[in-house]
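Order of listing sets the numbers, starting from 1, for every ligand and every atom in it.
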Amino acid sequence: MKLARNYIDGSWHAGSGTMETINPSTGEVASVFSPGDTDCADAAVSAARRAFERGGWSNNPRKRAAVLLAMADAIERIRGQLVAVSVSECGKRTAEMEGEVGAAVSELRYYAGVARTIFGRVQEVGEGQLSIFSREPIGVAAIIVPWNAPVTLLARSLGPALAAGCTVVVKPAPQTSLTNALMIEAMAAVPDLPPGVLNSVNENGHEVGQALVVHREVDAISFTGSRHTAGRIFEASAATLKRLNLELGGKAPAVVFADADLDRALPEIVRGATAAAGQMCTAVTRVLVESAAYEQVGDRLAQHFRALNVNAADDPRSEMGPVIDMANRDRLAAIVASASDVLVAGGHPDDAPAGGSYLSPSLIAVDDRTSTLVRDELFGPIVTIERFGDEADATKSANATDFGLAASVWTRDGSRAQRIARSIKSGTVWINSHNRLFAEAETGGYKQSGIGRLHGLMGLDVFMETKHIFSEAGFVPAVGY
Ligand code: NAD
C-alpha cells in the first residue's frame with residue numbers, strides 16, 4: 001500500500017511513524033500515512049517563503065497560468081486512481097467522487113485564466129498626480145481542508161492562491177491523507193513548478209495546523225472546516241493578525257411552497273439531503289413546508305427516505321454511502337434516538353457490509369425553532385421537517401439559525417422566489433434546485449458560516465494585497481486652453 005508522506009521544498013519526507021485510515025464502507029484499513037510534526041510545518045513554511053521571495057513565481061502570471069493548466073491535466077490523468085482512493089478513504093460514492101474530481105479540474109482551469117487577468121488601476125487624482133493601485137500576492141498561504149470533499153476543496157483554495165502568486169503549505173485532514181498526497185504528487189510533477197511553491201504536511205491531531213496558524217511567516221489562512229475549529233484558528237491567529245478566509249458549517253433549509261412542482265422538487269431535495277450521507281456543508285438539513293402541503297411533503301419524503309439504497313460507496317447500486325466513522329454514526333444515531341417526533345428512523349441497512357459505519361436517513365418533525373435539531377449543524381443524514389404559514393414566516397424560520405451558508409426555495413412563482421431569496425441571510429440561495437456550485441460563482445457564509453468568499457474573482461481576495469503608489473509629477477506644465 002502506498003504511504004502518504006509530506007511534501008516539502010520539492011521532495012517527499014517521512015514524518016514520525018505511520019497511521020492508518022479506516023474505510024467507512026467496510027471498517028477495514030483504507031490507507032496509511034506518515035504524520036508530520038511542527039518541524040515539518042516550519043520547514044514547509046520556510047521553503048514557501050524562500051520560493052515566494054526568490055521571484056520567478058510571484059511575479060510571473062503567465063508561468064502560473066501554464067502551471068495551473070498543467071496541474072489540471074495532471075489531476076485528470078490520475079482520475080481513476082484518485083476516485084478509487086478517495087471513495088475508500090471518505091466513504092463518498094464513486095459517482096460523487098467522479099463529480100468532485102471533475103469540479104477540481106474545472107477549478108484549476110478557471111484560475112489559470114484568472115492568473116493572467118489580475119488588474120490594478122490608475123487614477124489621476126489631481127492634475128499630473130497619479131495614483132497607481134496594484135494588486136500583489138500576499139505571500140505564504142496555509143490551506144487547511146477537511147475530509148468531506150478532499151479533492152474539490154483543496155483545488156478551490158489552491159487555484160486562487162497560486163493564481164494570485166502565493167506559495168502554499170497544505171494541511172489535509174487525517175482521514176484523507178492519501179487522496180491529498182496523490183493530488184500533490186500529480187501537481188508537483190508539473191515540470192515548471194518551482195520547488196517550495198507547493199508543500200503539504202500531514203497530521204493526526206492539531207499541532208501542525210496550529211503551528212501554521214501562529215507562524216510569523218504565514219500571511220494568510222484559507223480554512224475550510226467546522227465552526228468550532230475556526231474559533232480556535234481565529235483566536236490563535238490574532239497575535240499575528242493574519243488574513244483569514246473561513247468556509248464553515250451550514251444548516252441549509254429547503255423552503256417549499258405549496259405551488260412547487262413536487263415531482264421535481266422532492267427527488268432533488270432528497271439528493272441534496274443525502275449527498276455525502278448529509279456530510280456536506282450545503283446539504284439540505286431542514287425542509288420548511290407551507291402548511292397546505294405539509295402532510296403531503298412529509299409522506300412523500302418519508303417514502304423516498306425509506307426506499308433509498310444505502311450501501312458501500314463503491315457499490316454501483318448505492319444511492320448513499322456510510323458516514324465517516326463509527327463514532328459519528330453513534331453520535332448521529334443517539335440524536336435520532338432522543339428525538340420525539342421521528343417519522344423515519346435511520347439504522348444500519350440489512351444488506352450493507354457489517355463493518356461499515358452506515359446510518360440510513362432519518363426524518364424528524366419539529367415545531368420548536370429553538371430546538372438544537374434546528375439550530376445546530378448535525379453533519380449527517382438527519383433532516384427536520386417544519387411547517388410555515390406565509391412568506392414572512394418562511395423567512396423567519398429559514399433565518400432561525402446562526403449559520404447562513406446555503407438555502408433553496410421551491411415555488412412556481414418567480415417573484416416570490418426572488419423575494420424569499422433576498423430575505424434569507426445566506427451566501428447562496430438556489431431557486432428550484434440545490435447544491436449547484438461553479439468555479440465562477442462566489443460561495444461563502446453569512447453569520448457564523450464564515451468570513452470571505454471562495455470561487456470566482458473574490459476567491460483571490462484573501463491571497464492578495466492592494467498597494468497604492470502615488471506619483472507627484474510636479475513637472476507637468478500648466479495647460480492654457
Ligand atoms: P474540522 O474543523 O474538524 O477539521 C478541518 C481541518 O482543520 C482538518 O484538516 C483538521 O485536521 C484541521 N484542524 C483541526 N483542529 C485544528 C486547529 N486547532 N488548528 C488548525 N487546524 C486544525 O472539520 P471536519 O470535521 O474535518 O469537516 C467538517 C466541517 O467542515 C463541517 O462543519 C462542514 O460544514 C465544514 N465544511 C465547510 C465547507 C464550506 O465550504 N463552507 C465545505 C466543507 C466542509
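Here Arg49 pairs with Asp219 in a salt bridge; the nearest charged N to carboxylate O distance falls below 4.0 Å. Ion pair Arg243/Glu465 flagged as a salt bridge, since at least one NZ, NE, NH1 or NH2 atom sits closer than 4.0 Å to an Asp/Glu carboxylate oxygen. A salt bridge links Arg271 with Glu268: the closest approach of a Lys/Arg side-chain nitrogen to an acidic carboxylate oxygen falls below 4.0 angstrom. Note on Glu76 versus Arg109: salt bridge recorded, some NZ/NE/NH1/NH2 to OD/OE distance being below 4.0 Å. A salt bridge does not link Arg227 with Glu377: none of the charged nitrogens is closer than 4.0 Å to a carboxylate oxygen. Ionic pairing of Arg369 and Glu386 is not present here: no N-O contact between side-chain nitrogen and carboxylate oxygen is shorter than 4.0 angstrom.
In Arg227, neither the side chain nor the backbone holds a heavy atom less than 4.0 Å from any atom of ligand 1. Counting heavy atoms under 4.0 Å from ligand 1, residue Ala236 does not touch it at all. Residue Ile144 touches ligand 1 through its side chain alone, judged by heavy-atom distances below 4.0 Å. Counting heavy atoms closer than 4.0 Å to ligand 1, residue Asn148 contributes side-chain atoms (C-beta onward) but none from N, CA, C or O. Within the 4.0 Å heavy-atom criterion, neither part of Lys251 lies near ligand 1.
Residue, atom and distance of the protein heavy atom nearest to atom 27 (O) of ligand 1 are Pro146 CB, 3.3 Å. With hydrogens left out, the protein atom closest to atom 40 (O) of ligand 1 is Arg156 NH2, 2.9 Å, a heavy atom. In this structure, atom 16 (C) of ligand 1 lies nearest to the protein heavy atom Thr229 CG2, 3.3 Å. Annotation: atom 41 (N) of ligand 1 to nearest protein heavy atom, Leu248 O, 2.7 Å. What sits closest to atom 18 (N) of ligand 1 on the protein, heavy atoms only, is Gln210 NE2, 3.1 Å. What sits closest to atom 38 (C) of ligand 1 on the protein, heavy atoms only, is Cys281 SG, 3.1 Å.
Interface atoms of ligand 1 facing Leu405, defined by a heavy-atom separation under 4.0 Å, are 41 (N).
Other residues, nucleotides and ligands contribute at most 12 non-hydrogen atoms within 6.0 Å of the CZ atom of Arg436.
For Asn148 (side chain) and Gln279 (main-chain N/O), a donor-acceptor pair under 3.5 Å exists by modelled atom type.
Ligand 1 lies nowhere less than 4.0 angstrom from a heavy atom belonging to Gly444.
Leu108 is listed as a side-chain neighbour of Met187, based on a closest heavy-atom distance under 4.5 Å.
Proximity annotation for atom 7 (O) of ligand 1: of Phe223, Phe379, Phe403, Phe223 comes nearest, heavy atoms only.
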